[in-house]
Colleague: 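Structure provided below as structure tokens; questions to follow.
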Amino acid sequence: MSIRLGDIAPDFEQDSSEGRIRFHEWLGDSWGVLFSHPADFTPVCTTELGFTAKLKDQFAQRNVKAIALSVDPVDSHIKWIDDINETQSTAVNFPILADADRKVSELYDLIHPNANDTLTVRSLFVIDPNKKVRLTITYPASTGRNFNEILRVIDSLQLTEEHKVATPANWQDGDEVVIVPSLKDEEEIKRRFPKGYRAVKPYLRLTPQLNR
């Protein structure tokens, strides 16, 4: 099953390091970041899980819940969490799904036979409160995820959800944003963007950062 942007994220019920989880119920009205790992006790993933734990306050400010997945069982996860906490100087504060039966991996197309027919690829999904998939990224096993980029994308998604704007290349929170080309009415533009805008081209209109 291939998951595309705008699809409803598949629901599931699965054990985790924090008990049984019904995914949609667990997500509630929050945004979610679901990310997979090939196996427990892997070095790159150990650093990723530690870094994610350190982002707890950043995720909370954005109403985001993090949840990881590995195909190993819960007892292995618990031991791995001890290692993560020790080596990354943190405390894992989110659940790690135990997907020993590959149920979630199959729902989210996380096993790519050309990469490895027994291990999940390192995919990540950003899911909105309506349970729609808004971002998918798949990394090779050798390259750690950039979670600062994940936060940047969530900032963009939440901003553009509320306003008729898009975010340009390398945009960071606080930078100018682009007024969407479909917005033509000047009175509406004045109302929506009281700080005005500068038109580089008729289709490229930049306005100061808006509050999310």
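Just so you know, these numbers use all the heavy atoms, side chains as well, and skip hydrogens, waters and symmetry mates. The structure presented is a predicted model; accordingly, all values stated were derived computationally and were not measured.
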Colleague: Taking atom NZ as the centre, does Lys103 end up with more than 12 heavy-atom neighbours from other residues, nucleotides or ligands that are less than 6.0 angstrom away?
Modeller: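 Above 12, so yes.
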Colleague: Would you indicate whether Lys65, at its atom NZ, is surrounded by more than 12 heavy atoms from other residues, nucleotides or ligands within a distance under 6.0 Å?
Modeller: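 Yes, enclosed.
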Colleague: For a quick check under 3.5 Å, do Trp80 and Ser70 share a side-chain donor-acceptor pair by atom type?
Modeller: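 No donor-acceptor contact under 3.5 Å links the two side chains.
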Colleague: Mind checking whether Trp26 and Phe23 have parallel, tilted or perpendicular rings, split at 30° and 60°?
Modeller: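 Plane angle under 30°, so parallel.
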Colleague: Between the side chain of Lys131 and the main-chain N/O of Gly28, is any donor-acceptor distance below 3.5 Å?
Modeller: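 Confirmed, Lys131 side chain pairs with Gly28 backbone.
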Colleague: Who are the side-chain hydrogen bond (donor to acceptor under 3.5 Å, both in side chains) partners of Asp101, not counting sequence neighbours?
Modeller: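 For Asp101 the side-chain hydrogen bond (donor to acceptor under 3.5 Å, both in side chains) partners, ignoring immediate neighbours, are Gln14.
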Colleague: Out of curiosity, does Phe94 fall in the hydrophobic cluster containing Leu124 (side-chain heavy atoms, cut-off under 4.5 Å, transitive links)?
Modeller: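 Hydrophobic grouping puts Leu124 with Phe94.
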Colleague: Under 6.0 Å from the NZ atom of Lys54, do we count more than 12 heavy atoms belonging to anything else shown?
Modeller: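 More than 12 heavy atoms, drawn from other residues, nucleotides or ligands, come within 6.0 Å of this atom.
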Colleague: Does CZ in Arg191 sit with more than 12 non-hydrogen atoms of other residues, nucleotides or ligands closer than 6.0 Å?
Modeller: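 Correct, the count exceeds 12.
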Colleague: Judged by atom type as modelled, is there a donor-acceptor pair below 3.5 Å linking the side chain of Thr143 to the main-chain atoms of Pro140?
Modeller: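 Absent.
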Colleague: If you count the non-hydrogen atoms of other residues, nucleotides and ligands that lie under 6.0 Å from CG in Asp75, is the total more than 12?
Modeller: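 Buried by this count: over 12 neighbours within 6.0 Å.
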Colleague: Once the angle between the rings of Phe147 and Phe51 is folded into 0 to 90°, is it parallel (under 30°), tilted (30 to 60°) or perpendicular (over 60°)?
Modeller: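 The arrangement is tilted - the two ring planes meet at 30° to 60°.
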Colleague: Taking NZ, NE, NH1 and NH2 as the nitrogens, is one of them in Asp173 or Arg152 under 4.0 Å from a carboxylate oxygen of the other?
Modeller: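 Salt bridge between Asp173 and Arg152, a charged N being under 4.0 Å from a carboxylate O: no.
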Colleague: Less than 4.0 angstrom from a charged side-chain N to a carboxylate O is my criterion; do Glu188 and Arg192 meet it?
Modeller: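 The answer is yes: the pair qualifies as a salt bridge.
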